[in-house]
2 protein chains.
Amino acid sequence: MSKELSTEEKIREAAKNVFIAKGFDGCTSREIAKAAGMNVALVNYYFCSKKQLFKLVFEAALEDFMLSTVEVFKKDLSLESKMRIFIEREFEFLILHPDIPRFILSELSRGDKCEFDHAGILDKIADTGVFEELLDAQEKGIIRKVDLTNLMLLIMSNCHYPFMAKPLMKYLNGLSEEEYQERLMLQKQYVTEMLIGYLFIPKTNN
Amino acid sequence: MSKELSTEEKIREAAKNVFIAKGFDGCTSREIAKAAGMNVALVNYYFCSKKQLFKLVFEAALEDFMLSTVEVFKKDLSLESKMRIFIEREFEFLILHPDIPRFILSELSRGDKCEFDHAGILDKIADTGVFEELLDAQEKGIIRKVDLTNLMLLIMSNCHYPFMAKPLMKYLNGLSEEEYQERLMLQKQYVTEMLIGYLFIPKTNN
DNA sequence: AAGAAATTTAAACGCTTGTTTAAAATTAGT
DNA sequence: ACTAATTTTAAACAAGCGTTTAAATTTCTT
């Protein structure tokens with residue numbers, strides 16, 4: 001097994017798990033140290049402060065969150081195929097990391113904890129050419145002319161929210177974990193068909 | 001003006017604002033007391049503990065959140081009209097209380113803080129007859145046969161997420177508050193048309 | 001093997017936390 | 001007006017917080 005993690009990496013990994021599960025305010029330095037099997041002082045020895053460690057974890061999570069699935073737009077496929085694959089991969093990513101959307105949006109909502117370096121993320125997304133491709137498709141009448149902010153919201157809403165709302169929905173509908181996972185797989189299908197059906201303008205044969 | 005709030009009500013009101021803005025872990029009893037213009041000890045004099053005060057605030061917010069817009073299903077309108085009005089009111093509610101979805105889902109995601117009484121909420125929703133009406137419409141072929149959990153997810157995703165993602169979207173797209181509010185108004189239209197278009201099966205005239 | 005550097009530890013620092021106490025101030029009852 | 005009950009206050013409590021210190025241990029260099 002890959003037990004060859006350095007102390008620094010062990011702390012970073014433990015911090016990621018604890019921060020994402022409980023949030024910056026909801027955990028302590030000692031808790032992170034214990035999760036990493038270390039002394040408290042080592043956390044600050046390697047990362048100076050709880051804030052700084054959090055900043056590293058958050059920025060890594062944000063980058064993962066935003067970039068994990070957009071590289072599909074570099075491929076040579078039809079826009080509809082790309083959209084389908086994008087949603088497919090987004091759900092795959094979120095099944096592995098279901099807490100990341102809530103973590104990102106929660107921590108971002110009160111940004112006084114520390115300023116984050118979002119810089120570069122938008123550039124990396126832009127580098128895939130996705131924005132040009134969408135605008136081009138709008139010009140050609142392939143997809144609906146909707147502001148890209150609204151377009152992103154439509155897609156992200158339907159991908160992220162089902163994972164964020166899991167505790168609420170499980171209770172309200174009395175579902176087990178397995179049953180909710182089944183609903184998530186169905187949701188992926190519905191969301192894909194709904195978004196494709198709404199965004200893509202049917203070809204008129206006249 | 002209605003400055004006739006009792007001490008207890010002032011604390012409850014201040015606690016609501018502070019808890020929703022910063023979360024249970026992100027604020028202190030003294031902060032709530034100061035926001036209410038009171039001594040710290042008064043918080044516990046009236047509400048016993050921070051946990052108990054939070055429980056009251058959370059349950060009230062959850063009830064508001066889940067019940068504020070469902071009474072439209074008691075009215076005598078077509079299902080499509082009800083759905084349109086429901087989404088309209090959901091957005092209206094969220095423009096007034098944009099932080100509630102994030103608050104509810106965040107605090108619910110680590111339920112060890114205290115157990116909440118969700119009981120009754122589902123019953124009150126059921127009392128509007130919305131579930132029977134939806135199942136009936138599915139039987140009659142008016143709307144798509146989709147599990148009600150998935151149906152709720154489709155609607156809630158598209159209503160709640162645009163408000164939860166505001167900090168992220170404002171940064172990513174470099175938008176001012178006013179510009180984002182404009183996008184939200186547009187989003188309401190898009191979401192309504194997309195959901196109606198997907199859920200309702202077009203009448204076939206043959 | 002010896003000494004220097006890096007790592008790890010236990011202990012302590014000052015400060016803030018939620019909560020409690022006991023006295024002061026206000027209100028209510030007669 | 002006097003007493004009792006209620007409300008409000010300032011002060012204190014132990015416990016936990018993030019962080020620092022200085023000594024112990026390990027690792028590296030020669």
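Per chain, numbering begins at 1; letters A, B, ... match sequence-line order. When reading the values below, keep in mind they use all heavy atoms of this one structure, side chains included, and skip hydrogens, waters and symmetry mates.
Of the possible polar contacts, one joining the B/K50 side chain to the B/C27 backbone as a donor-acceptor pair under 3.5 Å is found. A donor-acceptor contact shorter than 3.5 Å is absent between the side chain of B/N173 and the backbone of B/L175.
Cation-pi check for B/R144 over B/Y198 is met; the charged atom lies under 6.0 angstrom from the ring centroid and within 45 degrees of its normal.
Aromatic rings of B/F54 and B/F24 (six-membered ring for Trp) have centroids within the 6.0 Å cut-off, being under it.
C/dT9 atom P lies 14 Å from atom NZ of A/K34, rounded to whole Å. Taking atom NZ of residue B/K10 and atom C1' of nucleotide D/dT7, one finds them 13 Å apart after rounding to whole Å. Atom-to-atom, NZ of A/K22 to C1' of D/dC17 comes out at 15 Å; the value is rounded to the nearest Å. Atoms OH (B/Y45) and P (C/dA22) sit 16 Å apart, rounded to a whole Å. Here D/dA24 presents its P atom at 17 Å from CG of A/L42, a figure rounded to the nearest Å. The CD-C1' distance, from B/E8 to D/dT6, rounds to 13 Å in whole Å. The nearest whole Å value for the distance from the CD1 atom in B/I11 to the C1' atom in D/dT9 is 13 Å. Here C/dT8 presents its C1' atom at 8 Å from OH of A/Y46, a figure rounded to the nearest Å.
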Output one line per pair: protein atom, nucleotide atom from nucleotides 12-19 of chain C, and distance, for all N/O pairs under 3.5 Å.
residue: C/dA12; atom: N6; partner: A/R30; partner atom: NH2; Å: 3.4
residue: C/dG18; atom: OP1; partner: B/S29; partner atom: N; Å: 3.4
residue: C/dG18; atom: OP1; partner: B/K50; partner atom: NZ; Å: 2.9
residue: C/dG18; atom: OP2; partner: B/S29; partner atom: N; Å: 2.9
residue: C/dG18; atom: N7; partner: B/R30; partner atom: NH1; Å: 2.7
residue: C/dG18; atom: O6; partner: B/R30; partner atom: NH2; Å: 3.0
residue: C/dT19; atom: OP2; partner: B/K50; partner atom: N; Å: 2.8
residue: C/dT19; atom: O4; partner: B/R30; partner atom: NH2; Å: 3.4

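No donor-acceptor contact under 3.5 angstrom links the side chains of A/S49 and A/Q52, judged on distance only.
Partners of B/V72 by side chain to side chain contact (heavy atoms under 4.5 Å, CB included), not counting sequence neighbours, listed by chain and number: B/I85, B/F86, B/R89.
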